[in-house]
Amino acid sequence: LGCGLSTNWFLDLPLSAGVNTSFRGLRYEDFRQTIDVPVERSSNVNFQFGYRIHQLNMMLLGVSTGMDVIKYTGEIVPRMQFPDNPAYQMAFSEIVSRSFQPGAITWATFSLSDDKRDHPVRPSNGYQWIFDTKVAAPMFPNEYGQMFGFVKAGIDFRWYTPLIMKYNTILHIHGYAGIIKAFPGCNVPYKELFHVGGQQSVRGFYFGQIGPSLLGSSLGGSKAFFTN
């Protein structure tokens, strides 16, 4: 659920601007190391600005800032996986608990992008790329005294060309690379980590299957690279 306002001509300048707010619920059904499925409830408000750079062939420079509040319904209770080894079970429980921490994030993003596709929905020729960074400042400790704080960067590239006529068969090459680094003593939200695998990244794999996992459940990675 979300709503927003935007304009493509802000303060009589060729500057786009917008404000948005949203409420979202996410069920991490692929994570099977808790008694109940982790259900995340997040609320967000953000402000966005964009400017077309004539000197760079109309590339789009984007800046946004906002705040997310992350909560989980119910208590995150790790499963008993190592009943005969208390040390292993303690380490396992700590990993699970740290993966699903509530808290607030104050962040800012900076992006540069270019879109030279011949159609925004059904492209057959051209390319599109975006380089973006996100900085989350550690400002609000949660009930456990922990804070979110990280720097994240990524680049996404898509290229299209027709193989048979213009719209019959299209070759689409897509690539992504990213990295995220937590500030000292801070955590990174589960959804901000890289979970490579699944319909949103690499089909034929389960969510987060290509990356760090805990007994078959994705933990999320700090680096990512894939092509398809």
Side-chain angles (χ1 to χ4, degrees), residues 23-44 67-107 133-154 156 175-228:
F23 302 90
R24 177 182 297 182
L26 293 174
R27 288 177 57 87
Y28 296 108
E29 296 182 353
D30 293 297
F31 195 89
R32 301 182 177 89
Q33 309 310 321
T34 54
I35 300 297
D36 298 316
V37 174
V39 178
E40 178 185 299
R41 306 291 185 189
S42 62
S43 55
N44 165 275
M67 182 176 182
D68 297 350
V69 177
I70 299 174
K71 298 180 180 180
Y72 292 93
T73 60
E75 185 179 358
I76 303 297
V77 181
R79 291 184 180 275
M80 180 61 69
Q81 298 286 22
F82 303 97
D84 299 327
N85 194 319
Y88 277 24
Q89 181 62 36
M90 182 178 296
F92 168 83
S93 299
E94 176 67 17
I95 293 173
V96 172
S97 298
R98 286 180 63 87
S99 296
F100 300 99
Q101 290 285 334
I105 313 171
T106 301
W107 52 266
T133 61
K134 185 174 187 178
V135 180
M139 297 179 63
F140 304 104
N142 62 15
E143 57 191 285
Y144 307 104
Q146 299 174 336
M147 293 184 292
F148 292 129
F150 58 88
V151 177
K152 185 178 184 179
D156 187 276
Y176 178 83
I179 186 171
I180 188 169
K181 178 70 174 178
F183 290 131
C186 295
N187 289 337
V188 177
Y190 186 76
K191 66 179 180 180
E192 292 286 353
L193 295 169
F194 299 110
H195 303 273
V196 181
Q199 295 184 357
Q200 301 301 319
S201 54
V202 183
R203 296 187 178 185
F205 295 88
Y206 293 117
F207 172 79
Q209 188 177 1
I210 310 174
S213 63
L214 178 66
L215 301 179
S217 297
S218 175
L219 290 177
S222 59
K223 301 180 183 69
F225 174 76
F226 61 87
T227 60
N228 48 32

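- Q89 and S93 form a side-chain donor-acceptor contact under 3.5 Å, judged by distance and modelled atom types alone.
- Annotation: the span from L215 atom CG to F31 atom CZ amounts to 9.0 Å, rounded to 0.5 Å.
- Proximity of a side-chain donor or acceptor of R32 to a complementary backbone N or O of S217 within less than 3.5 Å is not detected.
- Taking 4.5 Å as the limit, some side-chain heavy atom of R79 sits within range of a side-chain heavy atom of I35.
- For N187 and R98, the side-chain atoms include at least one donor-acceptor pair closer than 3.5 Å.
- Note: I70 CD1 to N44 CG = 10.0 Å, rounded to the nearest 0.5 Å.
- Under the 3.5 Å distance criterion, the side-chain polar atoms of Q199 are left unmatched by any main-chain donor or acceptor of F207.
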Start with the C-alpha gap between F140 and I105, add the side-chain angles, then the distance that decides, and say whether side chain to side chain contact (heavy atoms under 4.5 Å, CB included) holds.
-> CA-CA 7 Å; F140 304 104; I105 313 171; over 6 Å; no

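- The shortest distance between side-chain heavy atoms of Y176 and F194 falls below 4.5 Å.
- Between M67 and A104, the shortest heavy-atom contact is CE-CB, 3.7 Å.
- D68 has its side chain out of reach of S42: every pair of non-hydrogen atoms, C-beta onward, lies at least 4.5 Å apart.
- The environment of CZ in F82 is crowded: more than 12 heavy-atom neighbours from other residues, nucleotides or ligands sit within 6.0 Å.
- Nearest heavy-atom pair across T133 and A153 is CG2-CB, 3.9 Å.
- Atom OG of residue S43 and atom CZ of residue R24 lie 11.5 Å apart, to the nearest 0.5 angstrom.
- Exactly one residue among K191, E40, H195 makes a side chain to side chain donor-acceptor pair (under 3.5 Å) with Y28. That residue is E40.
- Residues V188 and A182 share a closest heavy-atom pair of CG2-CB, 3.7 Å.
- The distance from atom CZ of R41 to atom CZ of R27, rounded to the nearest 0.5 Å, is 8.5 Å.
- Q209 contributes atom CD, which lies 10.0 Å from atom OG of S218 (distance to the nearest 0.5 angstrom).
- How far NZ of K223 is from NZ of K181: 7.5 Å, rounded to the nearest 0.5 Å.
- A 4.5 Å side-chain heavy-atom check between K134 and F150 finds at least one atom pair inside the cut-off.
- Relative orientation of the F100 and Y72 rings is perpendicular, given thresholds of 30° and 60° on the angle between their planes.
- Within a 6.0 Å sphere centred on CZ of F183, heavy atoms belonging to other residues, nucleotides or ligands number more than 12.
- Each of L219, V77, T34 was checked for a side-chain contact (heavy atoms from CB on, under 4.5 Å) with V96, and the lone residue meeting it is T34.
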Can F148 and E192 be said to form a side chain to side chain contact (heavy atoms under 4.5 Å, CB included), step by step?
-> CA-CA 11 Å; F148 292 129; E192 292 286 353; over 6 Å; no

Any chance you could lay out the side chain to side chain contact (heavy atoms under 4.5 Å, CB included) test for I180 and L193, step after step, and finish with the verdict?
-> CA-CA 7 Å; I180 188 169; L193 295 169; 4.2 Å; yes

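- Between the side chain of Q81 and the backbone N or O of Q33 there is no donor-acceptor pair closer than 3.5 Å.
- Here the closest heavy-atom approach between residue A224 and residue V196 is recorded as CB-CG2, 3.9 Å.
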